[in-house]
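Report on one structure; see the data block that follows.
Only a predicted model underlies this, so the values are computations on that prediction, with no experimental measurement involved. Start at 1 and go down the list; that is how both ligands and their atoms are numbered.
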Amino acid sequence: MKANIPPSLFSAVLYLATTTFAFCAEPPSAKPFGKTKEGAVVEVFTLVNKQGVKLRAMTYGATVLSLETPDRDGKNADIVLGYKTLGLYEKSSPYFGAIVGRYGNRIAGGKFALEGKEYNLAQNNGAPGSKCSLHGGLRGFDKVVWKAEGLAQDGAQGVRFSYLSKDGEEGYPGNLEVKVTYWLNDQNEWRVDYEMATDKATPVNLTQHSYFNLKGEGRGDILGHELMLPADKFTPVNAAMIPTGELRPVAGTPLDFTQPKTIGARIQTDDEQLRFGGGYDHNFVLKRPLLACLLGRRTYPAATVYEPLTGRVLNILTREPGIQFYTGNFLDGTLTGKAGASYPKRSGFCLETQHYPDSPNQPAFPSTILKPGKVLKSTTVFQFSVK
Ligand code: BGC
């Protein structure tokens, strides 16, 4: 017997089915990327959108391996620095594309006190006599294998990385559960959602450590990129790159990017802060627009970068109070990138959304202490466009 479906109901069902399938992307699947020296399997996920943007990320360090975006003529290039093989990441990487934690940036002397107890971390950075802990210690979140699952939403593909950092790992207190989710949507936005919970009070400051070159990785320096940072102040450092505690106005200094300026325009200026950093390597205090705060907006502007030759624009939004602007001052041409070109000094820049450096020792800075019973959520969005 033939079912008697009224044509209007039939078209409604058909419409629903096609629109549902049209909007709901498929979750990306895991593909093997390699094995660590200890034999752990590392997988890679490829997120793609309708505009041809493609982001590849692996479970070692939740690291972004490549990010292809179009220029103003619609031609794609990979705009992040990185290596071809897992072995090279394991051997030595200046945190290319990784999630940095438990504490991104520096902690003076590798020491902090919390709830009456002193904690000692590995001093993995700095000159003898002024050593500090950098980016989570000897084996930070960039050097561990995360669990991962592919996700899909209307108009977006994602991958959720999770990692349990055990009580005492790298000297930090508390079992810290971390989830970092990357979303790539059809509006050319790469969104990074962070979620953390602990069973003992601990400092936490995660960041995404991609090195960008909007001309394409391996295609020379980043000095011609124009940068705008909505920051009236920065946290000046001493010769050991530790904040002095001051929030200093950028006005009248080469760190003033409140109006767009090329990165190279003032980088050679004889300025104490640029000398200490070997270029830009500073945390900027982001202005939080009052309206955005009142409206409870989840993110607010953090940086805009424009590359005039290709027309690529990178716009960054965040919930974090600061952003570390680093101009690849320690790259020296000895590392070879994915396409076979070496990475000389200033061939990539990082814009790391974060809390301020050394906050566990700076009571006046916004707190980085996560307490049990709280879930810490943060979001940073990287938007790609052309002009
Ligand atoms: C820091 C630099 C450091 C680099 C490591 C950046 O986040 O600000 O000082 O050298 O990471 O590659």
Side-chain angles (χ1 to χ4, degrees), residues 61-64 80-83 88-108 110 121-127 130-143 192 205-213 217 222 227 229 231 234-244 255 257 263 267 272-286 302-303 316 318 320-337 342-359 365 368 380 382:
T63 300
V64 170
V80 291
L81 276 55
Y83 294 127
L88 291 167
Y89 282 94
E90 280 191 283
K91 197 171 147 213
S92 163
S93 167
Y95 307 88
F96 283 146
I99 289 293
V100 165
R102 188 177 294 203
Y103 198 95
N105 219 314
R106 292 175 171 82
I107 296 183
L121 314 169
Q123 300 177 343
N124 61 328
N125 187 257
S130 58
K131 291 239 171 218
C132 65
S133 172
L134 176 71
H135 292 342
L138 296 174
R139 191 163 183 260
F141 294 178
D142 60 301
K143 296 182 187 66
V192 186
N205 190 28
L206 267 63
T207 191
Q208 220 298 330
H209 207 287
S210 281
Y211 288 67
F212 294 96
N213 183 331
E217 66 88 24
I222 44 81
L227 171 68
L229 290 172
F234 73 110
T235 52
V237 288
N238 63 22
M241 294 299 286
I242 300 297
T244 60
L255 285 90
F257 284 96
I263 294 175
I267 203 167
E272 185 189 63
Q273 287 298 312
L274 292 181
R275 250 194 333 272
F276 287 161
Y280 294 103
D281 193 356
H282 295 85
N283 170 65
F284 288 76
V285 175
L286 291 173
I316 305 180
T318 192
E320 291 297 310
I323 191 164
Q324 181 84 6
F325 172 47
Y326 170 58
T327 40
N329 312 322
F330 296 108
L331 297 174
D332 60 4
T334 52
L335 306 178
T336 302
S342 73
Y343 289 146
K345 190 166 172 165
R346 304 199 174 127
S347 51
F349 63 87
C350 300
L351 283 165
E352 306 154 50
T353 55
Q354 56 168 15
H355 274 57
Y356 310 164
D358 198 31
S359 297
F365 286 179
T368 51
T380 292
F382 300 88

Give me the residue, atom name and distance of the protein heavy atom closest to [atom].
atom                    : answer
atom 4 (C) of ligand 1  : Y326 CE2, 3.8 Å
atom 6 (C) of ligand 1  : H209 NE2, 3.3 Å
atom 10 (O) of ligand 1 : F330 CD1, 3.1 Å
atom 5 (C) of ligand 1  : Y95 CD1, 3.8 Å
atom 9 (O) of ligand 1  : D281 OD2, 2.4 Å
atom 12 (O) of ligand 1 : Y211 OH, 2.9 Å

Subject >> No-hydrogen, no-angle side-chain donor-acceptor test under 3.5 Å, T353 and T380 >> reply: yes
**OP:** Return yes if a side-chain donor-acceptor contact under 3.5 Å exists between Y343 and E217, otherwise no.
**Re:** yes
Subject >> salt bridge (charged side-chain N to carboxylate O under 4.0 Å, His left out) partners of R275, counting only residues at least two apart >> reply: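 Once residues adjacent in sequence are excluded, the partners of R275 under the salt bridge (charged side-chain N to carboxylate O under 4.0 Å, His left out) criterion are D270.
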**OP:** Answer whether the closest heavy-atom distance between the side chains of N105 and Q354 falls below 4.5 Å.
**Re:**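 N105 vs Q354: side chains touch.
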**OP:** Check each heavy atom of M241 against ligand 1 and say whether those closer than 4.0 Å belong to the side chain, the backbone, both or neither.
**Re:** neither
Original post:
Heavy-atom contacts under 4.0 Å between H282 and ligand 1: side chain, backbone, both, or neither?
Top reply: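 Near ligand 1, H282 shows nothing, with every heavy atom at 4.0 Å or more.
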**OP:** Give the ring-plane orientation class for F284 versus F234, where under 30° counts as parallel, over 60° as perpendicular and anything between as tilted.
**Re:** tilted
Subject >> Selected option - heavy-atom contact closest to atom 7 (O) of ligand 1, from E352, Q324, R106, Q354 >> reply: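 Comparing heavy atoms across E352, Q324, R106, Q354, the nearest one to atom 7 (O) of ligand 1 lies in E352.
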